[in-house]
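Owing to the predicted nature of the structure, the values given are computational and were not obtained by experimental measurement. As the structure lists them, so they are numbered: ligands from 1, and atoms in each ligand from 1. Quick note: numbers below take in every heavy atom, side chains included, and nothing from hydrogens, waters or symmetry partners.
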Amino acid sequence: MKPLILYSTFALTAMINLSCASCTSEKINNSMNDKTDVYKILHYASLAGSSHNSQPWRVEVYPNDSLTVYADTTRLLKVVDPKGIEMLISVGAFIENLDIAATALGYDAEITLVENSMNSASTVAGIRLRKNGSAQNSELLKELELRTTLRIPFDTLDIKEDDWEKLVALSPGNIHFIPSSSAQGVFIANKELEAYTIQAFQKEAQDELANWMRFSNKDVNTKRDGLTPAGMGIKGIAGFFVRNFMKPEDSKKESFIQSGVDKTKKQVENCGGWILITTEKYDDEEWINIGRIYERLNIACRSLNIGFHPMNQIVEVPQIYKELSENILQGKEIRFAARIGYVSDFPAPVSKRRPVEAFTVFH
Ligand SMILES: Cc1cc2nc3c(=O)[nH]c(=O)nc-3n(C[C@H](O)[C@H](O)[C@H](O)COP(=O)(O)O)c2cc1C
């Protein structure tokens, strides 16, 4: 994804608590008590990750618990994702969470993907929920609440074979693990930094990113999407400064961009390995499938105390992508890249979500 600074941070290091945003169990349980199961399932679905936290999904719910899920093309990142591939990956992540939440609440979700969804009014899937009588599985719901993107430096320890094998087993053939200490791992780290830097200095990508920056507390709490100082790991005095004195436009300033590049250097140098997700096919259904795999991986990493940080600039910047495909996993279409590594003190999720009503029409 994109960019710039954004996924960056300031060099200042004063500490501030990462207060969990909207998603602690207690808060959710209190505010969800009087909601229908479908509402709850959609809430948990919306905790999925998405590029720039654009939350590009839309849902229509019909009385017999059937749902139609759409890609919200008004939220497409036209510059860094002109073909809408990452948008569909994000909707796939939403569908994966929806499926898990339905299971957790005692439903089977029959999911039918629409072929060529972008040519079918962006209709991605029809979903029928059927109650199956199983008891609620709070553990599964908790896993959805705890999943998060982590942009802190990770431990550089090798990922244990047992652990990376578990991750790859989630979708063998699609998921590839590359240790950061290997020659290929070093190559990916260098190319990630190069791709980030190229994109960070591209005017159009900067403009697009600025549109998704939520700096002030007011913006964070009213828009409930996009990239916030807490989500970008901008803490302490720097966080105070950004929240109170910076405007999204300021993210295009050289100093902010450079701090993002510096931070990215630390990120790529501090991890235990890289995850690449590949596909054999090139169609809308495949992007949804990749989104489902990404979400599952991110959830599984959390349960193994492994931090997970998508870094998709390497796929988005054409000249770097070309070098990547010529050198790594030749013949396969790499569509998603993430840095992973052990984390001793896992912070709580901080990224905001829009309420269910903001993306759903109940008929
Ligand atoms: C397709 C896709 C691409 C992404 N690319 C990046 C990226 O390049 N850099 C990054 O820091 N985060 C990236 N992310 C993570 C999102 O920014 C993150 O999911 C979103 O801000 C919500 O935060 P959360 O995952 O903590 O809930 C990506 C996510 C998706 C689904």
Side-chain angles (χ1 to χ4, degrees), residues 1-9 18 20-23 44-57 71 75-77 80-81 83-97 144-152 191-193 195-200 205 208-209 212-214 220 223-234 260 263-264 267-268 271 274-277 287-299 301-302 307-317 320-321 334-340 346-354:
M1 162 153 260
K2 357 314 30 304
L4 331 208
I5 33 181
L6 104 53
Y7 288 128
S8 66
T9 256
L18 285 178
C20 175
S22 50
C23 8
Y44 283 102
S46 77
L47 299 184
S50 58
S51 34
H52 282 10
N53 195 22
S54 55
Q55 303 170 35
W57 38 74
R75 293 176 166 263
L76 173 69
L77 306 173
V80 297
D81 181 30
K83 296 184 180 147
I85 294 175
E86 293 194 4
M87 180 179 66
L88 289 178
I89 292 177
S90 303
V91 178
F94 175 90
I95 289 175
E96 179 64 18
N97 266 21
L144 299 183
E145 291 166 10
L146 288 178
R147 184 213 58 83
T148 183
T149 297
L150 260 199
R151 301 186 175 95
I152 58 175
K191 292 297 148 193
E192 281 284 10
L193 181 60
Y196 180 94
T197 309
I198 291 172
Q199 204 178 66
E208 180 168 83
L209 180 61
W212 289 98
M213 286 294 188
R214 311 290 180 238
V220 169
K223 298 195 167 134
R224 306 193 70 83
D225 59 9
L227 297 156
T228 64
M232 291 183 273
I234 305 177
K263 171 125 191 257
T264 302
Q267 290 169 337
V268 301
C271 60
W274 297 92
I275 290 278
L276 301 176
I277 310 182
W287 313 138
I288 297 292
N289 188 36
I290 288 194
R292 298 194 67 164
I293 294 170
Y294 140 68
E295 187 69 9
R296 231 178 288 152
L297 262 171
N298 197 163
I299 293 168
C301 279
R302 176 64 187 87
F308 187 95
H309 178 192
M311 297 191 88
N312 243 18
Q313 292 86 2
I314 201 166
V315 173
E316 294 163 356
V317 175
I320 301 293
Y321 183 67
I334 301 171
R335 271 297 136 198
F336 191 95
R339 173 180 80 94
I340 64 170
F346 233 99
V350 291
S351 176
K352 297 283 185 184
R353 291 299 183 276
R354 292 175 298 148

Under 4.0 Å from ligand 1, counting heavy atoms only, is it the side chain of [X], its backbone, both or neither?
X: L227; result: side chain
X: R353; result: side chain
X: P310; result: both

Roughly how far, to the nearest 0.5 Å, is the [atom2] atom of [Y] from the [atom1] atom of [X]?
X: M232; Y: R214; atom1: CE; atom2: CZ; result: 10.5 Å
X: D81; Y: N312; atom1: CG; atom2: CG; result: 9.0 Å
X: I89; Y: N289; atom1: CD1; atom2: CG; result: 10.5 Å
X: E145; Y: R302; atom1: CD; atom2: CZ; result: 12.0 Å

**Asked** Which one of R353, H52, R75 satisfies the side chain to side chain donor-acceptor pair (under 3.5 Å) criterion with D225?
**Response** R75
**Message:** So for ligand 1, is N298 a polar contact partner (N or O within less than 3.5 Å, distance only)?
**Reply:** no
**Message:** E86 versus ligand 1: do any nitrogen or oxygen atoms come within less than 3.5 Å of each other?
**Reply:**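 By distance alone, the answer is no.
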Ligand-side contact atoms (ligand 1) for residue partner [X], heavy atom cut-off under 4.0 Å:
X: M311; result: 7 (C), 8 (O)
X: F336; result: 1 (C), 2 (C)
X: Q313; result: 8 (O)
X: N53; result: 20 (C), 21 (O), 22 (C)
X: T148; result: 26 (O)
X: N312; result: 5 (N), 7 (C), 8 (O)
X: S51; result: 2 (C), 3 (C), 29 (C), 30 (C), 31 (C)

Can [X] be said to touch ligand 1, with heavy atoms closer than 4.0 Å?
X: M232; result: no
X: S90; result: yes
X: A93; result: no

Please check this pair: side chain of [X] against backbone of [Y], looking for a donor-acceptor N/O pair closer than 3.5 Å.
X: E208; Y: V80; answer: yes
X: N53; Y: K352; answer: yes
X: R335; Y: I290; answer: no

**Request:** Measure from atom 29 (C) of ligand 1 to every heavy atom in S46, A230, S50 and give the option owning the shortest one.
**Result:**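 Minimum heavy-atom distance to atom 29 (C) of ligand 1 goes to S50.
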**Asked** What is the ring orientation for F308 with F336, classed by angle as parallel under 30°, tilted 30 to 60°, or perpendicular over 60°?
**Response**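 Ring orientation, 0 to 90° scale: parallel.
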**Message:** Could you check whether any side-chain heavy atom of I198 comes within less than 4.5 Å of a side-chain heavy atom of Q313, counting everything from C-beta outward?
**Reply:** no
